[in-house]
Amino acid sequence: MISRQLVLTYLYLLIYVCLSSGVILFNKWVLSPKYFKFPFPITLTMIHMAFSGIVTFFLVRVFKVVPPVKMTFHIYATCVIPISAFFASSLWFGNTAYLYISVAFIQMLKALMPVATFIMAVLCGTDKLRWDLFLNMVLVSVGVVVSSYGEIHFNVIGTLYQVTGIFAEALRLVLTQVLLQKKGLTLNPITSLYYIAPCSFIFLFIPWYLLEKPEMDVSQIQFNHSIFFLNALSAFALNISIFLVIGRTGAVTIRVAGVLKDWILIALSTIIFPESVITSLNIIGYAVALSGVVLYNYLKMKDVKANQLPADNTPDRATKDKKVLYRPDNSMDSNDGTVIGSLASEAAAVDEEAPLIPSARLSYVTRTQTGNFSNR
């Protein structure tokens, strides 16, 4: 049984790495004017949102794979709508960057995600300004600057789009923690897509109508339905793989897998897209930035362990945790849910490539819940 579980764990990790890399390369290929020649990132994102909304509707309401949460109008209006707005913005800006800069450089810029999240968390009051974390953010920023300086095909517009998308996603993550966790609402990737995807589709409709629809009418784009279906399906499958990986291995493992995936993706992108050229400064800068990210992750994990230690020493807490671990239903301890949910969110936050990934960051998924899901 141990060997079988180990094989399944590595299989889930392999599927996650392949899907994560594949979705990025697939999106780049579809949006690139040199290849599939569909330079409409908002349209592509709306296709993803429509697809995920339809699929999750059947999973939640028809097949009842996962139960729906008790969503009130007040929670939807004050939590889901603002989170969906920043979700849609991050997808819009992030996908638009594919039109201007290479996949390799986009991955290097994504190292700024912890910096953006830390800044937004401090501004929103969910985190405190600490010198050790601040110095880490400086290290990451210096690495990204060096990498940008070494970029041969540096494009200001594409860089601004990507950085703006990163900060929009960081603000969405902070809002998720502030709005949803304080209300005691937890969503897994399927239910989060069920509620957020339709709302994000509506938010994206306005810029699509103003910016892309007139150009599409003129250019008379021919839709290849099989290509768009496979693209949306792969992005949705990526969310499911994150759901399974976090539930089976935890936040730390998916962080490590994400770093490995980034290096593999940078190498693959230079092979698939020959116009992507990597310089020595790119590699040095990205290595410096990643060292800062790894150190940041270590400090955050250390903080979580320090916060859990005093509680774990009490007999009442030990008894309570035992009950939580073996609880058969979908309920959970709110204190544990906040801590572990934060970890899972930050772990998945490393991944920014697929339009549907961010919704996976909303949730705290227990190992028991994931096991029940995979057995159905």
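Heads up: numbering here begins at 1 and tracks the sequence. Since the structure is predicted, the reported quantities are computational estimates derived from the model, not experimental observations.
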Original post:
To the nearest 0.5 Å, what is the distance between CG (N95) and CD1 (I24)?
Top reply: 10.5 Å

Original post:
Say you draw a straight line from CD of E151 to CG of L281; how long is it, rounded to the nearest 0.5 Å?
Top reply: 11.0 Å

Original post:
Minimum heavy-atom separation for V140 to A111, with atom names?
Top reply: CG1-O, 3.2 Å

Original post:
Backbone N or O of T43 within a donor-acceptor pair of the E212 side chain at under 3.5 Å?
Top reply: yes

**OP:** Please confirm whether the backbone N or O of V17 pairs with a side-chain atom of S20, one donor and one acceptor, at under 3.5 Å?
**Re:** no

**OP:** Search all heavy atoms of Y98 against all heavy atoms of K28 and return the closest pair with its distance.
**Re:** O-NZ, 2.7 Å

Original post:
Is L173 close to Q177 at the side-chain level, that is, under 4.5 Å between some pair of heavy atoms?
Top reply: no

**OP:** Would you check if the side chain of Y195 reaches a backbone N or O of V69 as a donor-acceptor pair within less than 3.5 Å?
**Re:** yes

**OP:** Look at the rings of F154 and F105 and say which category their plane angle falls in: under 30° parallel, 30 to 60° tilted, over 60° perpendicular.
**Re:** perpendicular

Original post:
Would F58 and I190 show up in the same hydrophobic cluster when neighbours are defined by side-chain heavy atoms closer than 4.5 Å?
Top reply: yes

Original post:
With a 4.5 Å heavy-atom cut-off, do T56 and F236 have their side chains touching?
Top reply: yes

Original post:
Are F118 and Y296 close enough, and set up right, to give a ring-ring contact (aromatic ring centres under 6.0 Å, His included), and what steps lead you there?
Top reply: CA-CA 10 Å; F118 178 70; Y296 169 82; 7.1 Å; no

**OP:** Spell out, yes or no, whether L139 and L129 are grouped together once hydrophobic residues are joined by side-chain heavy atoms under 4.5 Å, including indirect joins.
**Re:** no

Original post:
Is there a chain of hydrophobic side chains (I, L, V, M, F, W, Y, each step under 4.5 Å between heavy atoms) that links V65 to M71?
Top reply: yes

Original post:
Can you list the steps and then say if Y10 with L14 is a side chain to side chain contact (heavy atoms under 4.5 Å, CB included)?
Top reply: CA-CA 6 Å; Y10 281 110; L14 179 62; over 6 Å; no

Original post:
Should W131 and I119 be counted in the same cluster of Ile, Leu, Val, Met, Phe, Trp and Tyr side chains packed under 4.5 Å apart?
Top reply: yes

Subject >> In one Ile/Leu/Val/Met/Phe/Trp/Tyr side-chain cluster, 4.5 Å: V288, V294 >> reply: no

**OP:** Answer yes if the ring centres of Y286 and W263 are under 6.0 angstrom apart, and no otherwise.
**Re:** yes

Subject >> Intermediate values then yes/no, side chain to side chain donor-acceptor pair (under 3.5 Å), N224 and S226 >> reply: CA-CA 6 Å; N224 188 323; S226 60; 2.7 Å; yes

Original post:
Do NZ/NE/NH1/NH2 and the carboxylate oxygens of D132 and K302 come within less than 4.0 Å?
Top reply: no

Subject >> M137 side, atom CE; L295 side, atom CG - distance, nearest 0.5 Å >> reply: 8.5 Å

Original post:
Run the side chain to side chain contact (heavy atoms under 4.5 Å, CB included) check on F26 and I227 step by step: do they pass?
Top reply: CA-CA 10 Å; F26 202 169; I227 292 294; 4.1 Å; yes

Original post:
Does Y194 offer a backbone N or O that forms a donor-acceptor pair with the side chain of T191 under 3.5 Å?
Top reply: no

Subject >> Main-chain N/O of A121 paired to D127 side chain as donor or acceptor, under 3.5 Å >> reply: no

Subject >> Interatomic spacing from CZ in F167 to CG in L112 - rounded to 0.5 Å >> reply: 7.0 Å

**OP:** Assign the ring pair F36 / W29 to parallel, tilted or perpendicular, where the plane angle (0 to 90°) is split at 30° and 60°.
**Re:** tilted

Subject >> Rounded distance [0.5 Å steps], OG1 in T159 versus CD1 in I101 >> reply: 5.0 Å

Subject >> Note, V293 side chain near K110 side chain (heavy atom, < 4.5 Å) >> reply: no

Original post:
With a 4.5 Å heavy-atom cut-off, do L299 and L133 have their side chains touching?
Top reply: yes

Subject >> Output field: ring centroids F38/F228 closer than 6.0 Å >> reply: yes

Original post:
Any side-chain heavy atom of L59 sitting closer than 4.5 Å to one from V66?
Top reply: no

Subject >> Evaluation steps, side chain to side chain contact (heavy atoms under 4.5 Å, CB included), between E275 and H153 >> reply: CA-CA 9 Å; E275 66 274 12; H153 304 294; 5.6 Å; no

Original post:
Does the side chain to side chain contact (heavy atoms under 4.5 Å, CB included) test come out yes or no for L109 and S148, once each step is laid out?
Top reply: CA-CA 8 Å; L109 289 176; S148 301; 4.0 Å; yes

Original post:
More than 12 foreign heavy atoms under 6.0 Å from CZ of F86: is that the case here?
Top reply: no

**OP:** May I ask you to test the K261-Q107 pair for a side-chain heavy-atom distance under 4.5 Å?
**Re:** yes

Original post:
Can you check whether M49 reaches L204 side chain to side chain, under 4.5 Å on heavy atoms?
Top reply: yes

Original post:
Hey, is the main chain of G165 close enough, under 3.5 Å, to the side chain of S90 for a donor-acceptor pair?
Top reply: no

Original post:
Any idea which heavy atoms bring A97 and Q162 closest together, and the distance?
Top reply: CB-OE1, 3.5 Å

Original post:
Are the side chain of S241 and the backbone of L238 linked by a donor-acceptor contact shorter than 3.5 Å?
Top reply: yes

Subject >> Smallest separation among heavy atoms of T96 and P41, with atom names >> reply: OG1-CG, 3.4 Å

**OP:** Report the distance from atom CD1 of I15 to atom CD1 of I242, rounding to the nearest 0.5 Å.
**Re:** 13.0 Å

Original post:
Would a line drawn from the ring center of F203 to the ring center of F87 be shorter than 6.0 Å?
Top reply: no

Subject >> Closest non-hydrogen atom pair between L25 and I272, with its separation >> reply: CD1-CD1, 3.5 Å

Subject >> Atom OH of Y76 with >12 non-hydrogen neighbours under 6.0 angstrom >> reply: yes

Original post:
Looking at V277 and I152, what are the two nearest heavy atoms and their distance?
Top reply: CG1-CD1, 3.6 Å

Original post:
Under 6.0 Å between ring centres, would you say that holds for Y35 and F273?
Top reply: yes

Subject >> Side-chain donor or acceptor of S234 paired with backbone N/O of N231 under 3.5 Å >> reply: yes

Original post:
Would you call K37 and S32 a side-chain contact if the rule is heavy atoms closer than 4.5 Å?
Top reply: no

Subject >> Exam field: side chain S269 to backbone L265, donor-acceptor pair closer than 3.5 Å >> reply: yes

